[in-house]
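Let me begin by presenting the structure, written as structure tokens, before commenting on it.
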Amino acid sequence: MRRRPAETARHLVALSRRSTLAIFRQPALVGPSLIFPLFFAALGSSAFSRAISLPGFPQVDSYLQFTLAGTVTQGVLFGSVTGAAALATDIQDGFFDRLLAAPASRTAILFGRLAGSSLFGAMQALVFLLVLLPFGVVVQAGLLGYVSIVVAGFLTAFAVGALMSVVALKTGSAEAVQGTFPVLFILLFLSSAFFPRETMSGVYRRIADANPISYMVEGQRWLTIDGVSLTAMLQTLAIPAGIAVLTTALALRQLSARLRAR
Amino acid sequence: MTTTVQPSTDALISSTQRTIGILAKRSIRNIRRLPSAFFPALAMPIFNMIVFAGTFFAVTKIPGFPTDRSINWYMPLGIMMGAAFGGVGLGFTAIRDIETGFYDRLRMTPTSRLSLVLGPLTGTLVRIVMMTTIVIVLGVALGARFTGGVLGVLCLYIAALGLATIGAGWGLGLAFRFQDMRGAAVMQLSIFLVMFLSSAQVPLNVMTGWLHTVARVNPATNILRLARVGLVDVGNPDHLSWNAVWGGLVAIGVMAGLTLTFAVRSLHRLND
């Protein structure tokens with residue numbers, strides 16, 4: 001059934017609004033993905049304050065300034081699981097089937113969910129920037145840097161949310177989506193989110209070199225430490241955008257497979 | 001007229017020992033029956049050891065760091081995290097047993113309440129020995145070196161078993177108080193905070209600011225110090241030193257005593 005773009009957009013807005021409100025109505029889901037990254041940032045600022053003078057560390061005022069990008073990425077990665085878990089819950093409790101029975105746009109069902117977690121990702125990035133600002137963490141790239149990091153939060157949440165939606169659509173199980181959480185955790189730690197790649201060695205260094213999260217984080221880090229540069233902007237925005245295109249294609253394919261299987 | 005026959009002290013001790021043995025065996029048997037429950041408890045310390053040692057590889061170059069091998073510092077951390085969470089995991093099992101009614105059946109048996117705590121605790125300690133052994137073997141394969149020899153290994157086992165006992169007492173106490181999964185969140189969060197607000201990531205002489213103030217009075221710092229006495233450099237003041245050992249032993253003794261008392265008292269309250 002072909003729908004007019006305006007109709008699809010209306011469905012998308014309604015479902016996006018629903019998913020966004022659903023996230024903010026559950027402080028138990030929102031709280032940990034805001035508190036834990038800030039806790040780790042505070043912990044690192046005390047534990048690794050003397051590490052910033054080690055060879056391989058960039059010139060930074062404090063470990064907090066170095067770890068800002070890691071904090072944003074950590075929070076957004078963990079928070080983006082909630083949207084996909086909610087999609088799986090919709091499948092489990094039959095709401096997904098009721099939407100399919102209604103004349104609702106199929107893609108709006110998916111993008112509506114992703115919009116909620118993406119907006120939450122952008123909000124997380126903004127909160128982290130504002131909370132760390134009084135502690136002397138200033139983004140050298142200025143307003144463009146702040147905006148880029150918030151947009152990167154949106155794009156990263158969209159990309160990871162779409163990837164997690166593949167699991168949600170394939171299994172229809174919120175537990176299965178939550179079960180993929182350790183994979184994100186491992187990917188984050190096997191990157192330069194908390195320490196520069198230049199200080200690592202061996203296999204671990206090679207993994208961090210191959211991990212796209214390293215480059216995403218480093219883009220935001222250069223905006224924070226050095227200011228605006230084309231490379232930093234590309235790494236901050238193009239990498240999550242590229243991953244988002246890829247994971248969205250996978251999610252749409254999985255949605256089609258689920259629809260065909262009905 | 002009815003008369004109540006009181007069991008003799010010997011019979012009571014024998015019954016308690018038998019119950020401890022049965023409950024410990026049940027806990028150990030679950031490793032084979034429910035490997036999915038044991039696997040994360042084993043994977044977490046291995047993961048922690050590898051990623052911390054890899055990510056923070058360079059911290060050993062900070063002047064005053066007690067070892068030049070990051071794996072020597074983070075292998076004990078992985079084991080201690082595994083032991084602490086393995087200990088509180090007993091609380092999760094207790095909550096499940098309460099919810100399924102298994103605990104009600106246990107409480108109707110003519111056995112001492114102490115055995116309902118010591119039985120599962122024994123099983124948990126066996127699991128911790130297994131986990132510690134596996135992580136040590138893997139750690140050594142990845143480059144960890146026990147500068148303190150057998151004594152160093154022994155200190156690491158004592159610290160792991162001690163921390164697991166503290167975690168188990170805390171987990172069981174909370175399980176008996178809450179009697180549902182609300183207790184699980186409190187267990188995990190409290191252990192997480194206690195472990196990270198210590199010398200988990202770097203030694204006291206390397207950290208600065210608020211964390212130093214908190215870690216200095218956190219008993220987990222002393223237990224971690226005990227765990228690492230056989231892994232720091234030979235020239236370090238902590239290397240197999242009684243000064244580094246006694247604080248850990250006292251922390252284990254006091255904290256285990258307090259948390260196990262909390263568990264037994266909470267169990268009695270559950271009976272009321």
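Order of the sequence lines sets the chain letters (A, B, ...), proteins ahead of strands, with each chain counted from 1.
Ring geometry for B:Phe47 versus A:Phe185: interplanar angle of 30 to 60°, hence tilted.
When every heavy atom of A:Ala47 is checked against every heavy atom of B:Val206, the shortest pair comes out as O-CG1, 4.2 Å.
A:Ile207 does not touch chain B: none of its heavy atoms, backbone or side chain, sits under 4.5 Å away. Heavy atoms closer than 4.5 Å to chain B are found in the side chain of A:Phe48, but not in its backbone. Heavy atoms of A:Leu43 lying under 4.5 Å from chain B belong to its backbone as well as its side chain.
Heavy-atom pairs under 4.5 Å with chain A were tallied for B:Val59, B:Leu189, B:Val214, B:Ile62; the largest tally goes to B:Ile62. Contact tally against chain B (heavy-atom pairs below 4.5 Å) for A:Ala42, A:Pro32, A:Pro55: the top residue is A:Ala42. Most heavy-atom pairs under 4.5 Å with chain A, from the set B:Pro63, B:Ala200, B:Ala215, B:Ala43: that is B:Pro63.
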Quick one, A:Phe40 with B:Phe192, criterion ring pair (Phe, Tyr, Trp, His ring centres under 6.0 Å). Give me CA distance, side-chain angles, the key distance, then yes/no. CA-CA 12 Å; A:Phe40 277 112; B:Phe192 177 86; 5.7 Å; yes
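Taking the six-membered ring wherever Trp is involved, the centroid distance between the rings of A:Phe195 and B:Phe57 does not fall below 6.0 Å. Side-chain rings of B:Phe56 and A:Phe194 stay apart, their centers remaining 6.0 Å or farther from each other.
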Listing needed: what donor-acceptor pairs below 3.5 Å join chain B with chain A?
{"unit_1": "B:Thr55", "atom_1": "OG1", "unit_2": "A:Phe189", "atom_2": "O", "d": "3.1"}
{"unit_1": "B:Thr55", "atom_1": "OG1", "unit_2": "A:Tyr204", "atom_2": "OH", "d": "2.5"}
{"unit_1": "B:Pro63", "atom_1": "O", "unit_2": "A:Arg50", "atom_2": "NH2", "d": "3.2"}
{"unit_1": "B:Asn205", "atom_1": "O", "unit_2": "A:Arg50", "atom_2": "NH1", "d": "2.9"}
{"unit_1": "B:Thr208", "atom_1": "N", "unit_2": "A:Ser46", "atom_2": "O", "d": "3.0"}
{"unit_1": "B:Thr208", "atom_1": "O", "unit_2": "A:Ser46", "atom_2": "OG", "d": "2.6"}
{"unit_1": "B:Thr208", "atom_1": "OG1", "unit_2": "A:Ser46", "atom_2": "O", "d": "3.4"}
{"unit_1": "B:Thr208", "atom_1": "OG1", "unit_2": "A:Ser49", "atom_2": "OG", "d": "2.7"}
{"unit_1": "B:Trp210", "atom_1": "NE1", "unit_2": "A:Ala42", "atom_2": "O", "d": "3.4"}
{"unit_1": "B:Trp210", "atom_1": "NE1", "unit_2": "A:Ser46", "atom_2": "OG", "d": "3.4"}
{"unit_1": "B:Leu211", "atom_1": "N", "unit_2": "A:Ser46", "atom_2": "OG", "d": "3.3"}

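Note that CZ of A:Phe189 and CD1 of B:Ile50 are 13.5 Å apart. Values are rounded to the nearest 0.5 Å.
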